[in-house]
Amino acid sequence: MTLATAPATDSCFRRLSPPRDAQTPYAVTVVLQTAGRPSLLRAVRSVLQQDLAERLQLLIGVDTPFDTAELEVLVTARCPPRVDVSLFYPGYSTSRRHGGLSPNFYGGALRTILSYTANSPYVAYLDDDDWWGANHLATLLQAVAGKAWAFSRRWLVDEESGWPICPDEWDSVGPGKGINAERFGGFVSPSNLLISREAFHLFFPLWSLAAFDDGSGEDRLVFNELRQLPWADSETLSCFYSLRPAQQQDIHHRREFEHRGLLWPLQRDLIGEMTAQEATARRAAAAGAWTEVRQQAQALLARAPHHAGALGLLAEAEWQAGRREEGIDLLCQSLAIDDREPAPYLLLAEHLQALGAAAEAAHIQDLVARRFNGG
């Protein structure tokens, strides 16, 4: 995304998607605040690709102005009829960091404002450097029935390579659990949350405050109120949380990675070796050398068990060797980790068709049409 700062303009609430019925409430609203980081496009794309039959509202709050041309092109090209996208910029930053009055440095009052603006009974939140799997909102809406809020589980992702490291089993894991249990009563990150607008309407102002001197901690304030309300866990790994290399060196992350034998996030030189292993495996696949593909993919997975590309390569090696059920299982594992492109889905549909599972193949093809072709 081009991040050239656009001239400050008057207050603006602008719809990016085609004109549709906005008065009828949506099933869920997604609030996404941003200063225009390049990762915004990835986050927005993951919302547009949600596998959700109900109508969805996406409200993008702008803290500091940026060139929105690429964002508008993405929405124009990829926004399905069931999704409405609007952009809100008040004409100035509400964040104290940028001269505003709200103590929260990271978006100021945007989450508060847009939570009240949401025309739906439920509000979900997404940071612009995170993204969601296609099943994120559907599984949360199913989980939240009869509760005040629900949360998903998340993958920890290496920001530089984009590879998932492992599931987060110690930080954003819910009330009374994890490394935050004693100090904060547990924790759930904003990108994992789905909140009932009615149950939480008195507490939305907490999003604009800060718990710590550096202007952060609004998520702790919000969670402190949430944990006292009825909640549900979707038990689904549907959120992807980017960790900078410096964050991966934090004592708790380092301890947990070492406990799981995950050395590559801590020893960055290994990433180059692993990239070369994947490239070798892909060249072997192009040449039909499936034994070599299997060897290289297995070696890569020994270092990074959740490497989606390696799982996909191993899946095809197993399929080509006649171990078709194993191949399909591995391909499904790969898609559970990275479902952002249509090609693996189409390959899965092709394999299912070859096995005589026509109904399952048709379901996958319909999913591709809905998610990737604006269906």
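Along the sequence shown, residues carry numbers from 1.
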| note | Heavy-atom nearest pair, R55 first then P25, reads NH1-O, 3.3 Å
| request: Of all the heavy-atom pairs spanning A232 and A143, show the shortest one and how long it is. | output: CB-O, 3.2 Å
| Side chains of C12 and L87: does their closest heavy-atom pair fall under 4.5 Å? | no
| query | Is there a donor-acceptor pair closer than 3.5 Å between any side-chain N or O of Q50 and the backbone N or O of G133? | reply | yes
| said: Quiz question: by atom type and distance under 3.5 Å, do the side chains of N104 and E218 form a donor-acceptor pair? | reply: yes
| query | Judged by modelled atom types alone, do N135 and S238 share a side-chain donor-acceptor pair under 3.5 Å? | reply | no
| remark: Output for pair (W132 CH2, R42 CZ), nearest 0.5 Å, gives 13.5 Å
| message | Whether the side chain of S46 engages the backbone of A43 through a donor-acceptor N/O pair (distance < 3.5 Å, no angle test) should be reported. | response | yes
| task | Apply the test side-chain contact (heavy atoms from CB on, under 4.5 Å) to residues V85 and L48: give CA-CA distance (whole Å), side-chain angles for both, the deciding distance (0.1 Å), then the verdict. | result | CA-CA 9 Å; V85 183; L48 300 181; 4.0 Å; yes
| message | So which atom in R303 and which in W264 form the shortest heavy-atom distance, rounded to 0.1 Å? | response | O-CD1, 3.2 Å
| task | Verify whether one side chain among S120 and T29 offers a donor that lies under 3.5 Å from an acceptor in the other. | result | yes
| message | With no hydrogens and no angle check, just 3.5 Å: does a side-chain donor-acceptor pair link Y89 and T64? | response | no
| Can D84 and Y26 be counted as having a side-chain donor-acceptor contact under 3.5 angstrom? | yes
| message | Parallel, tilted or perpendicular, judged at 30° and 60°: which one describes the rings of F200 and F203? | response | tilted
| query | F184 and W149: same hydrophobic cluster, using ILVMFWY side-chain contacts below 4.5 Å? | reply | no
| request: With the side chain counted from C-beta on, respond yes when R260 and C166 share a heavy-atom pair under 4.5 Å apart, and no when they do not. | output: yes
| said: Classify the ring geometry of W170 against F257: parallel below 30°, tilted from 30° to 60°, perpendicular beyond 60°. | reply: perpendicular
| task | Consider only side-chain heavy atoms of I, L, V, M, F, W and Y, link residues closer than 4.5 Å, and tell whether L331 and L314 are in one cluster. | result | no
| Could you walk me through whether L32 and V44 pass the side-chain contact (heavy atoms from CB on, under 4.5 Å) check? | CA-CA 8 Å; L32 195 165; V44 170; 4.1 Å; yes
| said: Regarding R370 and D51, does a basic nitrogen lie under 4.0 Å from an acidic carboxylate oxygen? | reply: yes
| Roughly how far apart are S172 OG and R154 CZ, rounded to 0.5 Å? | 4.5 Å
| query | Does any donor atom in the side chain of D63 or S93 lie under 3.5 Å from an acceptor atom in the other side chain? | reply | yes
| Should the ring pair F151 and W231 be called parallel, tilted or perpendicular, given that the plane angle runs from 0 to 90° and is split at 30 and 60? | tilted
| field | pair L209-T112: side-chain heavy atoms closer than 4.5 Å | value | no
| So, the side chain of E316 versus the backbone of G312: is there a donor-acceptor pair under 3.5 Å, distance only? | no
| Nearest 0.5 Å, what's the NE2-CD distance between H351 and E360? | 15.0 Å
| task | Compare every heavy atom of R97 with every heavy atom of F105, then report the nearest pair and how far apart it is. | result | O-NE, 3.3 Å
| message | Contact between R220 and F212 at the side-chain level, heavy atoms closer than 4.5 Å - yes or no? | response | yes
| Is the F204-Y116 ring centre distance short of 6.0 angstrom? | yes
| Is F223 reachable from Y241 through a run of I, L, V, M, F, W or Y residues, each pair having side-chain heavy atoms under 4.5 Å apart? | no
| request: Look up atom CG in L193 and atom CG in D219, then write down how far apart they are to the nearest 0.5 Å. | output: 9.0 Å
| said: Would S196 and V144 count as a side-chain contact (heavy atoms from CB on, under 4.5 Å) here? Give the steps. | reply: CA-CA 8 Å; S196 164; V144 80; 5.7 Å; no
| query | Are any of the side-chain heavy atoms of W163 and I271 separated by less than 4.5 Å? | reply | yes
| query | Can you find a pair of side-chain heavy atoms, one from L110 and one from F88, that are under 4.5 Å apart? | reply | yes
| query | Taking the side chain from T236 and the backbone from S234, do they hold a donor-acceptor pair closer than 3.5 Å? | reply | yes
| query | Going through the checks in order, is the salt bridge (Lys or Arg N to Asp or Glu O under 4.0 Å) test met by E318 and R294? | reply | CA-CA 8 Å; E318 294 298 296; R294 182 182 300 105; 2.8 Å; yes
| So, does S39 use its side chain to make a donor-acceptor pair with the main chain of D128 at under 3.5 Å? | yes
| request: Calculate, to the nearest 0.5 Å, the distance between atoms CZ and CG belonging to R111 and L59 respectively. | output: 13.5 Å
| message | Using a 3.5 Å distance criterion without hydrogens, assess whether the side chain of D21 forms a donor-acceptor pair with backbone atoms of Q23. | response | yes
| field | 4.5 Å side-chain heavy-atom contact, I179 and R255 | value | yes
| Angle class for the Y125/W207 ring planes (parallel below 30°, perpendicular above 60°, tilted otherwise)? | tilted
| message | With a 4.0 Å cut-off on N to O distance, would you call E72 and R14 a salt bridge? | response | yes
| said: Tell me if the CG atom of D269 is crowded by more than 12 foreign heavy atoms within 6.0 Å. | reply: yes
| Do other residues, nucleotides or ligands put more than 12 heavy atoms under 6.0 Å from the CG atom of L355? | yes
| query | Taking D129 for the side chain and S242 for the main chain, is one N or O donor matched with an acceptor at less than 3.5 Å? | reply | no
| Rounded to the nearest 0.5 Å, how far does NE2 of H98 lie from OH of Y106? | 9.5 Å
| query | Do you know which two heavy atoms are closest between L352 and I364, and how far apart they sit? | reply | CD1-CG1, 4.1 Å
| Taking R244 for the side chain and D158 for the main chain, is one N or O donor matched with an acceptor at less than 3.5 Å? | no
| Does CG belonging to L202 count more than 12 external heavy atoms closer than 6.0 Å? | yes
| Can you check whether E278 reaches Q296 side chain to side chain, under 4.5 Å on heavy atoms? | no
| request: Consider only side-chain heavy atoms of I, L, V, M, F, W and Y, link residues closer than 4.5 Å, and tell whether L237 and V173 are in one cluster. | output: no
| task | Evaluate whether atom CD of Q267 has more than 12 neighbouring non-hydrogen atoms of other residues, nucleotides or ligands under 6.0 angstrom away. | result | yes
| said: For Q248 and R268, which I'm curious about, is there any donor-acceptor pair between the side chains at under 3.5 Å? | reply: yes
| Cluster overlap L140 with F240, hydrophobic side-chain contacts below 4.5 Å | no
| query | For atom CD of Q142, is the number of surrounding heavy atoms from other residues, nucleotides or ligands below 6.0 Å larger than 12? | reply | no
| field | Trace of the side-chain contact (heavy atoms from CB on, under 4.5 Å) decision for S191 with C239 | value | CA-CA 7 Å; S191 293; C239 180; 3.7 Å; yes
| Distance-minimising heavy-atom pair for A134 and Q49 | CB-O, 3.8 Å
| Checking R82 side chain against L56 main chain: does a donor-acceptor pair fall under 3.5 Å? | no
| Just by distance, do the side chain of N119 and the backbone of A22 share a donor-acceptor pair under 3.5 Å? | yes
